[in-house]
Amino acid sequence: MTKTNTFGRSIAVGIVMLLFALPPIWLLLSSLKSQAEIFQWPPSLWPQQPTLQSYFDTFSRANFLQYFQNSAVVSVLSALLSVTISVMAGYALAKFRFKGDTFFFLLIMSALMVPLQIVLIPVFLVLRDLGLLNTLAGVIIAPAATPSGVFLMRQYIVSIPDSLLEAARIDRTPEWRILLRIVVPLALPAIGTLLAFNLVWRWNDYLWPFLIITEQQNWTVQLALANSVGRFGIDWPRLLSISVISVIPMLVIFIALQKTLMNGLMAGAAKE
C-alpha cells in the first residue's frame with residue numbers, strides 16, 4: 001500500500017471518528033452551559049461561562065443517587081441472571097443429545113421473531129399475579145431469559161471439543177463441575193460479550209420499568225430522565241447533566257470489557 005493510500009485512509013478514519021465523537025462531545029459541553037447559552041444563536045460548541053450548577057442541582061434537588069442505585073441493582077442482577085440461564089441452556093442444547101433437542105432449539109429461536117409488544121400484557125399479568133409489580137424484582141426477572149443469549153452461548157459452546165468433556169465424565173466428574181470448571185472458562189469471551197450487552201441493555205431500558213414501576217422511590221435513571229421533562233417547560237441543563245451521568249457507567253463498562261467484547265465478537269470468524 002502506497003503512502004498516499006495510507007494517508008487517505010487515515011484522513012477518512014479521522015473524519016468518521018470525528019462524526020461519531022461530535023454528539024457526545026456536544027452533549028458534555030452543553031451540560032456545562034446555562035439555559036440561555038444553550039439556545040443562543042449562532043450556537044457555539046464551547047461554553048462561554050462553563051458551570052457545574054446543573055450537576056449540583058441534579059444531586060441536591062432530586063433523589064438521583066437512589067435512582068442510580070436502582071439502575072445499578074437492576075442492571076447487574078438482571079445481566080448475571082440472564083448470563084447464568086443462557087450458559088446453562090446453551091450447554092444443554094450444545095452438548096446433550098435428547099429427544100426433541102432440535103425442536104426445543106428451534107422453538108427458542110422462534111421467539112426472536114415475536115415482537116416484544118405482543119408479550120407485554122401476558123407478562124404484566126403474570127407479574128401482577130406473583131405480586132411483583134412496583135418492585136425491582138419484577139424489573140429484573142421479567143426479561144432475564146433471552147433467546148439471543150441462549151443462541152450465542154449454544155453456538156460458542158458447540159465449538160468446545162467433546163473430548164474434554166468425555167475425559168471429565170470418565171473420571172466421574174459431575175456435570176455441574178464440568179460446566180463450571182471446563183465450559184465456563186473456555187466460553188469466557190462469549191460470556192463477557194453477553195454480559196456487556198445485557199448490562200447496556202438493562203441500564204438503558206425504559207419500557208419495562210415504565211410499565212412496572214409506579215412509586216418514585218423505585219425509579220431507575222431512565223425513568224428519572226424521562227420525568228425530568230416538564231409539562232410546561234424543560235430544564236435543559238439539568239436534563240443534559242442527567243444524560244451525561246447516565247452514560248458514564250456504560251462507558252466504564254465498555255472500556256473494562258473491551259478486549260473480552262472484541263474477542264467474543266470475533267470468535268468463530270476465522271478457522272484454522
Side-chain angles (χ1 to χ4, degrees), residues 71-112 123 126-127 130 132 135-203 205 249-250 252-272:
S71 287
V73 170
V74 169
S75 301
V76 173
L77 294 184
S78 182
L80 292 176
L81 182 60
S82 178
V83 169
T84 302
I85 295 174
S86 299
V87 169
M88 293 189 297
Y91 175 57
L93 293 171
K95 296 302 181 181
F96 288 91
R97 301 278 71 86
F98 53 90
K99 188 176 181 180
D101 56 344
T102 303
F103 170 77
F104 283 111
F105 178 67
L106 294 177
L107 184 63
I108 294 174
M109 290 302 97
S110 64
L112 291 172
V123 174
V126 171
L127 294 177
L130 294 176
L132 295 178
T135 63
L136 295 182
V139 183
I140 293 171
I141 295 175
T146 59
S148 57
V150 175
F151 175 76
L152 175 64
M153 295 310 307
R154 190 259 182 189
Q155 295 304 106
Y156 194 94
I157 295 175
V158 164
S159 63
I160 297 177
D162 293 336
S163 57
L164 295 177
L165 309 183
E166 293 299 331
R169 291 183 181 127
I170 292 175
D171 293 335
R172 298 183 179 179
T173 306
E175 289 295 334
W176 65 267
R177 184 169 294 180
I178 294 176
L179 176 62
L180 293 179
R181 298 292 181 87
I182 299 177
V183 176
V184 170
L186 293 176
L188 280 181
I191 293 175
T193 302
L194 183 60
L195 181 64
F197 283 153
N198 275 277
L199 285 172
V200 173
W201 171 44
R202 300 302 294 140
W203 179 271
D205 189 19
M250 297 300 99
V252 173
I253 289 174
F254 176 78
I255 294 175
L257 299 178
Q258 182 179 10
K259 184 177 180 179
T260 303
L261 181 62
M262 295 306 299
N263 289 338
L265 292 175
M266 295 301 295
K271 296 182 179 179
E272 295 182 0

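Count residues from 1 along the sequence.
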**Q.** Steps toward side-chain contact (heavy atoms from CB on, under 4.5 Å) verdict (Leu165, Val183)
**A.** CA-CA 9 Å; Leu165 309 183; Val183 176; 4.0 Å; yes

From [X] [atom1] over to [Y] [atom2], what is the distance, rounded to the nearest 0.5 angstrom?
X	Y	atom1	atom2	answer
Phe104	Leu107	CZ	CG	7.5 Å
Ile182	Ile160	CD1	CD1	9.0 Å
Thr135	Leu130	OG1	CG	9.5 Å
Asp205	Asn198	CG	CG	11.0 Å
Leu199	Phe197	CG	CZ	11.5 Å
Arg177	Asp171	CZ	CG	11.5 Å

(Q) Any non-hydrogen side-chain atom of Met153 less than 4.5 Å from a side-chain atom of Leu93? (A) no

Q) Is Leu164 close to Leu186 at the side-chain level, that is, under 4.5 Å between some pair of heavy atoms? A) yes

Whether [X] side chain and [Y] backbone form a donor-acceptor pair below 3.5 Å:
X	Y	result
Arg172	Ala168	no
Ser82	Ala79	no
Ser75	Ala72	no

Locate the shortest heavy-atom distance separating [X] from [Y]; write the atom from each residue and the value.
X	Y	result
Thr146	Ser86	O-OG, 4.3 Å
Ala94	Arg154	CB-O, 3.7 Å
Lys95	Val158	NZ-O, 3.4 Å
Val73	Ile140	O-CD1, 4.2 Å
Tyr91	Glu175	OH-OE1, 2.7 Å
Pro249	Trp203	CG-CZ2, 3.6 Å

Q.
Using a 6.0 Å cut-off, check whether atom CZ of Arg181 has over 12 heavy atoms from anything other than its own residue.
A. no

Q: Kindly determine whether Ile191 and Tyr156 satisfy side-chain contact (heavy atoms from CB on, under 4.5 Å), including the steps that lead there.
A: CA-CA 9 Å; Ile191 293 175; Tyr156 194 94; over 6 Å; no

Q | Residues Leu80, Leu195; criterion side-chain contact (heavy atoms from CB on, under 4.5 Å); working and verdict | A | CA-CA 7 Å; Leu80 292 176; Leu195 181 64; 4.2 Å; yes

